[in-house]
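Have a look at the structure below before the remarks.
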Amino acid sequence: MGTYKLHHQRPFFQHVAALPWCCYDKYRDKIVIRLVSSPDVETPVIIYGDPFDCAESDGKWVWQYREEAMSLQYAAPSRKVWRAELDVPARRRMKYGFRARSAFFRYDCPEGWYFSENGTVPFSEDELAVYHNHFFYPYIHTADAPAVPQWAGKTVWYQIFPDRFRNGDPAISLPGASDWERDEPAYNNFFGGDLEGIRQKLGYLKELGISGIYLTPIFQSPSNHKYDTEDYFRIDERFGSTESLKALVREAHALNIRVMLDAVFNHTGSSHPFWRDVLANQERSEYRDCFYIHNFPVEERCRDRKKINYECFAFSSRMPKWNTENPRVKEYLIGAALHWIRECDIDAWRLDVANEVSFDFWREFSAAVHREKKDFYVIGEVWNDASPWINPGYFDAAMNYPLGMAVSGFFLQKNTDAEDVTERLIRALTRYSDLHNRIAFNLMDSHDPDRALTRARGSKSALRNAFTMLFLMPGSPCIYYGTEIGMTGGQDPQCRRPMIWNEEKQDRDLLAFFQRLIRFRAEHLDLINNSAMLYTCREGVHCWTFSGTNAVAQGGSLTLIYPKEKPVSIESLLPAFGEPMFSAAENAPSTPPDTNVSDGAAVLPGSAVVFYRKSPKTIL
């Protein structure tokens with residue numbers, strides 16, 4: 001910011017009159033406006049009104065506007081993020097701009113600065129009088145407002161790799177399947193997990209506190225991971241049948257557990273009938289235009305990646321890429337997505353390699369599945385900024401690796417500092433509107449990266465701290481199977497080890513921690529999903545405070561306290577942060593008040609404790 005001050009001599013602002021900066025929340029009938037500024041900016045106000053509402057004064061037409069102070073939503077060393085929540089104007093249209101003062105340039109511009117789509121200028125009434133010196137929301141159409149499944153923000157997900165979760169029907173297991181207890185996972189071995197095994201353990205998941213299960217692909221495929229689909233309309237025979245899936249969904253729904261399946265629409269497997277026809281008939285195949293083929297002949301396997309003459313996933317010649325611009329492919333794949341909604345009443349699709357599929361396809365896909373089931377949940381596998389897919393409404397959410405890996409870097413790998421993780425969290429949160437953040441799919445590990453406990457080098461205290469932070473974030477958190485009982489594993493295939501069901505080998509204390517954490521989140525959900533996040537550091541004690549931003553949150557604040565090097569007494573924290581409510585420490589009691597801290601106690605270094613305050617207190 002010093003360089004910016006030297007060269008520009010004015011504060012920095014960022015806003016666009018579109019998502020995620022400007023959002024009509026149709027569920028609450030409010031307009032939510034977000035503004036990013038440099039840290040020198042002091043409480044800005046939003047100036048707004050009907051663009052055509054003018055009154056005559058001294059022979060001139062003067063725009064009639066209102067002013068409202070903005071609240072601080074996120075704060076980090078390099079930026080501040082401000083928020084305003086406005087009532088919908090009577091005529092459902094408005095223009096607006098921002099007025100603010102700067103601590104750096106107070107004397108250069110005593111009246112403050114005015115920021116509009118034309119940039120930042122010294123504030124004056126003359127600037128407001130210019131019609132185009134503003135941002136515009138031309139008309140607030142309800143049909144254009146983001147539509148999101150409200151249930152998703154209340155869900156705690158549990159991801160399952162079906163072949164490795166539980167063998168519920170040995171009769172359908174592959175002959176010669178690997179031994180569940182003794183064998184190591186490999187790229188090409190099978191352990192016999194199936195849909196019946198998942199159904200049998202729904203009670204375990206309900207007791208844990210899970211309200212949604214996400215299954216990696218279950219459709220016909222020759223591999224153990226099933227990301228090389230052979231038949232999109234058939235359950236793999238080693239997992240069960242359509243009836244098996246129906247039974248699973250039916251019983252899950254009876255327990256208020258949603259079910260999400262995994263679809264691979266970027267590519268297919270080399271055993272898919274369309275691709276087999278191409279291999280057999282080459283340029284004469286009726287399916288040749290269903291794939292991106294550069295020239296013929298096409299070979300089934302090509303070990304030299306430089307010689308692959310068709311598009312595929314990565315450089316895997318056995319996973320040819322679908323041409324999703326082709327009408328026949330669109331009809332076929334979208335038809336498969338709709339089939340399982342109609343046939344088995346699933347609640348969500350997770351979309352593999354979603355960022356490599358055309359926007360045009362996702363536009364049609366999203367419209368089709370939401371017509372079929374209004375509150376359907378669609379998430380895409382996008383490892384980075386997913387705003388190009390989420391803001392236009394193609395996906396409801398993405399696999400939020402940027403947020404999860406930010407938490408992981410600080411609490412698990414310890415390769416970043418508190419200020420950096422705060423910056424990364426704010427960057428992830430400001431990519432999307434508040435509406436979308438409430439249903440974000442937040443995860444720490446999955447079937448792709450190494451497991452969270454492995455990243456923590458076996459430190460379960462680090463794991464507990466990380467998940468405590470993750471569960472304070474707005475959104476829909478996900479637990480990868482086995483993380484709750486202390487499973488470890490490096491990257492694929494080690495992160496796909498069979499689930500440990502022998503209770504003597506499970507970490508039951510860790511399991512109890514996850515039960516407490518899920519319960520704690522449910523009790524404070526309205527606050528967590530409608531909060532502002534502010535970071536401070538007091539004498540080596542890291543403090544992240546989450547304060548309610550609207551009436552839904554009903555006031556209050558939660559603060560995660562994380563001492564860096566030395567203990568800090570509970571008593572010294574009470575005036576600022578309220579009462580301790582949740583501890584990530586080992587062996588914390590599993591009954592209310594869900595904390596192992598008391599008067600005279602201390603928060604120890606490397607152990608997170610969450611405090612609750614009924615009336616939020618400014619700490620900046």
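In this text the structure is predicted, and so the values were computed from the model without any measurement. FYI, side chains are in, hydrogens and waters are out, and symmetry mates aren't considered; it's all heavy atoms of this structure. Just so you know, residue 1 is the first one in the sequence shown, and it goes up from there.
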Exercise for review: Check the surroundings of atom CD in Glu331: do more than 12 heavy atoms from other residues, nucleotides or ligands lie under 6.0 Å from it?
Suggested key: no
Check your understanding: Taking side chain as C-beta onward, heavy atoms only, is Ile379 less than 4.5 Å from Met399?
Key -> yes
Check your understanding: If you measure from the Lys or Arg side-chain nitrogens to the Asp or Glu carboxylate oxygens, is any gap between Asp194 and Arg166 under 4.0 Å?
Key -> no
Check your understanding: Does Asp183 come within less than 4.0 Å of Arg497, counting only side-chain N to carboxylate O?
Key -> no
Review point. Does the side chain of Thr242 reach to within under 4.5 Å of the side chain of Trp340, using non-hydrogen atoms?
Key: yes
Review point. How about Tyr232 and Gln220: does a side-chain donor come under 3.5 Å of a side-chain acceptor?
Key: no
Check your understanding: Are Tyr187 and Asp492 linked by a side-chain donor-acceptor pair shorter than 3.5 Å?
Key -> no
Exercise for review: For the residue pair Tyr214 and His447, categorise the inter-ring angle as parallel (less than 30°), tilted (30 to 60°) or perpendicular (more than 60°).
Suggested key: perpendicular
Practice item. For this output row, return yes or no: ring centroids of Phe410 and Trp544 closer than 6.0 angstrom. Key: yes
Check your understanding: Is Arg451 close enough and on-axis enough to Tyr481, meaning under 6.0 Å and within 45°, for cation-pi?
Key -> yes
Study note, to complete from the structure: OG (Ser387) and NE2 (His436) are apart, to the nearest 0.5 Å, by 11.0 Å
Point to revise | Closest non-hydrogen atom pair, Gly380 against Ala354 | key: CA-CB, 3.8 Å
Review point. With a distance cut-off below 6.0 Å to the six-membered ring centre and an angular limit of 45° from the axis, does Arg234 pair with Phe219 as a cation-pi contact?
Key: no
Practice item. Give a yes or no on whether a salt bridge exists between Lys460 and Asp509, defined as a side-chain N under 4.0 angstrom from a carboxylate O. Key: no
Practice item. Look at the rings of Phe361 and Phe365 and say which category their plane angle falls in: under 30° parallel, 30 to 60° tilted, over 60° perpendicular. Key: parallel
**Study point:** Any side-chain donor near an acceptor of the partner, Asp262 and Tyr227, under 3.5 Å
**Key:** yes
Check your understanding: Is Glu343 close to Leu245 at the side-chain level, that is, under 4.5 Å between some pair of heavy atoms?
Key -> no
Check your understanding: Would a 4.5 Å heavy-atom cut-off, applied to side chains only, mark Glu356 and Lys321 as touching?
Key -> yes
Practice item. Taking atom types as modelled, find out whether Arg238 and Asn224 have a side-chain donor-acceptor pair closer than 3.5 angstrom. Key: no
Point to revise | N-O pairing of Glu251 and Lys246 below 4.0 Å | key: no
Review point. How many angstroms lie between atom OH of Tyr377 and atom CD1 of Ile346, to the nearest 0.5 angstrom?
Key: 14.0 Å
Check your understanding: Does the side chain of Tyr158 come under 3.5 Å of the side chain of Ser211 through a donor N or O and an acceptor N or O?
Key -> no
Exercise for review: Heavy atoms only: give me the nearest Leu19-Asn391 pair and the separation to one decimal.
Suggested key: CD1-O, 3.3 Å
Point to revise | Distance flag, aromatic centroids of Phe471 and Phe520, threshold under 6.0 Å | key: no
**Study point:** Gln73-Asp434 side chain donor-acceptor pair, cut-off 3.5 Å
**Key:** yes
Review point. Do Thr545 and Thr559 have side-chain atoms, one donor and one acceptor, less than 3.5 Å apart?
Key: yes
**Study point:** Flag for Glu423-Tyr535: side-chain donor and acceptor within less than 3.5 Å
**Key:** no
Exercise for review: Go through the steps for Phe411 and Tyr562 under the test ring pair (Phe, Tyr, Trp, His ring centres under 6.0 Å), then give the verdict.
Suggested key: CA-CA 10 Å; Phe411 288 101; Tyr562 185 74; 5.1 Å; yes
**Study point:** Lys/Arg-Asp/Glu bridge criterion (N-O < 4.0 Å) met for Asp352, Arg350
**Key:** yes
Practice item. Let me see the working for Val609 and Phe582 under side-chain contact (heavy atoms from CB on, under 4.5 Å), right down to the final yes or no. Key: CA-CA 6 Å; Val609 172; Phe582 183 88; over 6 Å; no
**Study point:** Rounded distance (nearest 0.5 Å) linking atom NZ of Lys226 with atom CG of Asp228
**Key:** 8.0 Å
Review point. With a 6.0 Å cut-off on ring centres, are Tyr332 and His272 close enough?
Key: yes
Review point. Do we get Lys330 above Trp322's six-membered ring, with its NZ or CZ under 6.0 Å from the centre and within 45° of the axis?
Key: no
Review point. By side-chain hydrogen bond (donor to acceptor under 3.5 Å, both in side chains), which residues pair with Asp169, not counting sequence neighbours?
Key: none
Check your understanding: Between the side chains of Asp445 and Thr483, does any donor sit under 3.5 Å from an acceptor?
Key -> yes
Review point. Roughly how far apart are Phe265 CZ and Trp349 CH2, rounded to 0.5 Å?
Key: 5.5 Å
Practice item. On the 0 to 90° scale, with breaks at 30° and 60°, tag the Trp501-Phe165 ring pair as parallel, tilted or perpendicular. Key: perpendicular
Check your understanding: Any sub-3.5 Å donor-acceptor pair from Lys206's side-chain atoms to Leu255's backbone N or O?
Key -> yes
Review point. For Trp383 and Pro449, which heavy atoms make the closest approach, and how far apart are they?
Key: CH2-CD, 4.2 Å
Review point. Less than 4.5 Å apart, any side-chain heavy atom of Leu510 and any of Ile485?
Key: no
Review point. Going by heavy atoms in the side chains, are Met319 and Thr268 under 4.5 Å from each other?
Key: no
Check your understanding: Going through the distances and angles, do Tyr24 and Asp29 end up as a side-chain hydrogen bond (donor to acceptor under 3.5 Å, both in side chains)?
Key -> CA-CA 7 Å; Tyr24 172 48; Asp29 198 30; 2.7 Å; yes
Check your understanding: Do Ser223 and Asn188 meet the criterion of a side-chain donor-acceptor pair at a distance under 3.5 Å?
Key -> no
Check your understanding: Between Arg613 and Ser557, is a side-chain hydrogen bond (donor to acceptor under 3.5 Å, both in side chains) present by the stated rule, with each step listed?
Key -> CA-CA 5 Å; Arg613 186 182 185 88; Ser557 66; 5.7 Å; no
Review point. Hey, are Arg258 and Asp345 close enough for a salt bridge, meaning a charged N less than 4.0 Å from a carboxylate O?
Key: no
**Study point:** SB check Arg521 Glu523 (cutoff 4.0 Å)
**Key:** no
